[in-house]
Amino acid sequence: WVVNLNASGANFSAYDIEYDNFGNVYIQDVTLPVGEPPAITLGHITIRKYNPTGVFLWSFILDISICYGDFAVNHVNGDVYLVGDFWTSSSINFAICKLNSTGLLVNSNQTQGFGYNELWRVKYDHCNNQLIIGSGSTTYPIRGAYINSSLSSLNTVNMIGVSDPLIDVS
């Protein structure tokens, strides 16, 4: 099957695709924000879920004014995780959020500073029921972390062996 996302423009892109064990397909697209805060045109991230025959099931839209990193799906239960560095239309800054299999926002982490900041890549570790993230910024020198699936525990990992490189991996 084929789906038309019905969006266009220089700032729009179909960004990524995922699946779960039931054959459902998740498509993520991004319309990037334009300008610099506070004078900015909001962009948005959309996650769309389709069943195995291509029937649309739900979408989740998050308005953003900064940037976005990645998403991952727990293939067993259909939970979706979005990571990045978000400034939303309500001025709430967070770096990770969790949607359940019906597309409802279950949890997000709004902690600033070391730990949840500029999370750019994510994969779901099905063996250990956790997220593996890669990150970096010019302010907070984390290289990677394991985050449990409820988003309540983060264990940082220095994967490159440098004490404080202040890298930005976006």
Side-chain angles (χ1 to χ4, degrees), residues 1-35 40-111 116-135 144-154 169-170:
W1 50 270
V2 176
V3 64
N4 182 350
L5 298 178
N6 295 320
S8 62
N11 293 329
F12 173 81
S13 64
Y15 195 79
D16 204 354
I17 190 167
E18 268 274 13
Y19 63 92
D20 63 27
N21 289 351
F22 306 102
N24 297 306
V25 175
Y26 303 78
I27 299 174
Q28 179 260 322
D29 61 74
V30 175
T31 302
L32 296 175
V34 178
I40 196 162
T41 302
L42 291 177
H44 62 267
I45 301 157
T46 305
I47 302 289
R48 306 167 201 264
K49 182 178 180 178
Y50 297 87
N51 77 7
T53 62
V55 175
F56 173 79
L57 299 175
W58 56 259
S59 67
F60 175 82
I61 299 172
L62 177 66
D63 290 329
I64 58 168
S65 62
I66 297 292
C67 49
Y68 169 70
D70 199 3
F71 90 111
V73 174
N74 177 334
H75 296 175
V76 176
N77 67 13
D79 287 347
V80 177
Y81 299 88
L82 299 165
V83 300
D85 191 12
F86 306 102
W87 282 94
T88 67
S89 56
S90 60
S91 297
I92 297 172
N93 187 356
F94 63 93
I96 186 165
C97 69
K98 177 182 179 179
L99 311 176
N100 68 14
S101 63
T102 64
L104 297 176
L105 181 64
V106 175
N107 195 5
S108 65
N109 191 294
Q110 300 170 355
T111 303
Y116 293 95
N117 187 68
E118 296 194 20
L119 308 180
W120 299 119
R121 298 292 175 250
V122 63
K123 293 297 177 193
Y124 194 85
D125 175 359
H126 297 279
C127 295
N128 297 304
N129 195 33
Q130 65 185 356
L131 300 167
I132 302 170
I133 59 121
S135 66
Y146 298 109
I147 304 172
N148 68 2
S149 61
S150 66
L151 310 184
S152 63
S153 173
L154 178 142
V169 296
S170 66

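Taken from OG1 in T53 to CG in N24, the straight-line distance is 9.5 Å, to the nearest 0.5 Å. How far CD1 of I132 is from OH of Y146: 5.5 Å, rounded to the nearest 0.5 Å. Taking CG of N148 as the start and CG of N128 as the end, the distance is 11.5 Å to the nearest 0.5 Å. Here the CG atom belonging to L105 is positioned 11.0 Å from the NZ atom belonging to K98, to the nearest 0.5 angstrom. Taken from CG in L57 to CG in N51, the straight-line distance is 5.0 Å, to the nearest 0.5 Å. S59 contributes atom OG, which lies 11.5 Å from atom CD1 of I27 (distance to the nearest 0.5 angstrom).
Classification of the Y81-Y124 ring pair by plane angle, with boundaries at 30° and 60°, yields parallel. Ring geometry, H75 versus H126: the interplanar angle falls from 30° to 60°, so the pair is classed tilted.
Considering all non-hydrogen atoms of both residues, N129 and S149 come closest at ND2-OG, 3.4 Å.
Put simply, the side chain of W58 reaches to within 4.5 Å of the side chain of I47, judged on heavy atoms. Proximity of L82 to C97: side-chain heavy atoms (C-beta onward) are separated by under 4.5 Å at one or more points.
Using modelled atom types, one side-chain atom of W1 and one backbone atom of P52 make a donor-acceptor pair closer than 3.5 Å.
When the options I17, D16, V73 are evaluated for a side chain to side chain contact (heavy atoms under 4.5 Å, CB included) with Y26, the one that passes is V73.
Qualifying salt bridge (charged side-chain N to carboxylate O under 4.0 Å, His left out) partners for D20, counting only residues two or more places apart in sequence or in other chains: none.
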